[in-house]
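Atoms within each ligand, like the ligands themselves, are counted from 1 in listed order. All residue numbers refer to positions in the sequence shown, counting from 1.
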Amino acid sequence: MGPELEAFETEFAQYCEVKHCIGVGNGLEALHLLLRAYGIGSGDEVIVPSNTFIATWLAVTECGATPVPVEPNIDTHNIDPALIDSAITPRTRAIIPVHLYGQPADMDPINALAAKHGLIVIEDAAQAHGARYKGRRSGSLGHAAATSFYPGKNLGALGDGGAVLTNDEAIANKIRQLRNYGSTVKYRHEVTGYNSRLDEMQAAFLRAKLPMLDRWNSRRREISVQYAQLLAEADICLPKAPEFAEPAWHLYVIRSKQRDALKAHLERQGVSTVIHYPIPPHRQACYQPLRGCRLPIADVLAEEVLSLPMHSELNIEEIGRITTAVLGFRQSTRRPS
Ligand SMILES: *Cc1c(COP(=O)(O)O)cnc(C)c1O
């Protein structure tokens, strides 16, 4: 917790257009510390997307609360604000919208519902560094946000890292205390805290990379436009950004009814793809009591999604090869009658 961290916290807070950035050990801990800072625990319910990386749910169970899944809009892949109201109970304390794949969630209706019911809104912004919603940066759209600097994120460290973002000074101070053994004065421990620090080396790497983030993100945006043009005729469902969104294009996720065959075809053509995510949280062994619950949209997405290569360093020749391989799948499956 030296000068590199302090400088990075100031610079990243400025970038995200919030007052406070507090570096922590990783994204999962950023979410978990936030829930603890808001006093959320046993007996409380927290609304989470059914379609997300498992860390969103793990943070909730880690603090003793219950994750209550809400289905996504099938086109945006993000939590459907229209379905949140009926998931709210007297025990609900918070909503964690996730800007999945770098696409901002529809925050205005979520914030309006939260205000009506007195709930906290914590953004999971781990995939959305630099994304904007109606002109505002992800990380500045709720009461607080958690983000991750895992090396594969748009802004990645050379190891693990994470941060909490907020305009709320009291919450910022609680996070500073919780990340440092529950201490504000050395060797005095007011609460049972954690060791969750963003170390000086990672902060220094992040400071060196932050000035390039907007350039990298705009290259991702260009690639998404090229994919959309070149794949317009492909027999797959392309991601579409809603009008309110300026996505960070962390991933370029398409949908196909023949996803597994398409994935195998692309692999044969030398194009690696990844499934984000093959098993939704409610079907994981660790959430076995929830396995009977019906979340059909999350299930369909797990069967149909496929992430095409997406990175700021992809060049036009590679994009050509990838899109040709995708278009070739349709031809190879068209059988003579
Ligand atoms: C990566 C990620 C996290 C967790 O971040 P870690 O730093 O890996 O702990 C949480 N939520 C989402 C949506 C993520 O993509």
Side-chain angles (χ1 to χ4, degrees), residues 8 12 21-36 46-63 67 69-70 72 76-79 94-105 107 110 121-131 133 138-139 141-142 144-165 175 178-179 194-199 201-203 205-206 209 217 220 239 247-253 274-282 284 286-287 298 301-302 305 307 310-311:
F8 173 69
F12 196 58
C21 166
I22 306 99
V24 297
N26 55 61
L28 172 57
E29 288 173 0
L31 282 168
H32 173 224
L33 295 189
L34 266 172
L35 291 166
R36 257 207 74 180
V46 176
I47 292 174
V48 294
S50 61
N51 181 49
T52 183
F53 179 56
I54 192 130
T56 318
W57 289 44
L58 291 176
V60 177
T61 31
E62 176 63 24
C63 72
V70 167
T76 67
H77 303 160
N78 272 326
I79 193 164
I95 307 171
I96 309 184
V98 180
H99 308 309
L100 200 66
Y101 314 144
Q103 308 273 347
M107 294 298 291
I110 296 172
V121 176
I122 297 172
E123 294 170 74
D124 180 339
Q127 300 188 358
H129 309 112
Y133 171 78
S138 82
L141 305 169
T147 196
S148 161
F149 305 117
Y150 175 77
K153 310 293 189 190
N154 287 37
L155 178 64
L158 274 70
D160 278 302
V164 165
L165 302 158
I175 298 291
L178 285 169
R179 77 170 168 184
Y194 308 88
N195 170 2
S196 183
R197 292 176 298 230
L198 180 61
D199 72 74
M201 287 301 292
Q202 300 308 334
F205 293 135
L206 289 166
K209 291 176 81 175
N217 278 350
R220 285 172 185 267
W249 294 104
H250 174 59
L251 298 172
Y252 192 86
V253 179
V274 182
I275 297 166
H276 297 93
Y277 296 93
I279 307 171
H282 71 281
Q284 298 287 351
C286 65
Y287 289 120
L301 288 176
V305 292
S307 303
M310 173 52 88
H311 193 274

Sequence neighbours excluded, which residues qualify as ring-ring contact (aromatic ring centres under 6.0 Å, His included) partners of Y133?
-> F244
Taking all heavy atoms of Y287 and all of P67, pick out the closest pair and write down the distance.
-> CE2-CG, 4.5 Å
Ligand 1 N/O to protein N/O, distances under 3.5 Å:
residue  : atom   : partner : partner atom : Å
ligand 1 : 5 (O)  : S148    : OG           : 3.3
ligand 1 : 7 (O)  : G27     : N            : 2.7
ligand 1 : 7 (O)  : S148    : OG           : 2.7
ligand 1 : 9 (O)  : G27     : N            : 3.3
ligand 1 : 9 (O)  : L28     : N            : 2.9
ligand 1 : 11 (N) : D124    : OD1          : 3.2
ligand 1 : 11 (N) : D124    : OD2          : 2.7
ligand 1 : 15 (O) : Q127    : NE2          : 2.8
ligand 1 : 15 (O) : K153    : NZ           : 2.7

F53 ring center near Y150 ring center (under 6.0 Å) | no
Between H276 and S307, is any side-chain donor less than 3.5 angstrom from a side-chain acceptor?
-> yes
Checking H250, K209, H311, Q127 against N154 for side-chain hydrogen bond (donor to acceptor under 3.5 Å, both in side chains), the one that qualifies is H250
Pair H282, S50: side-chain N/O donor-acceptor within cut-off below 3.5 Å | no
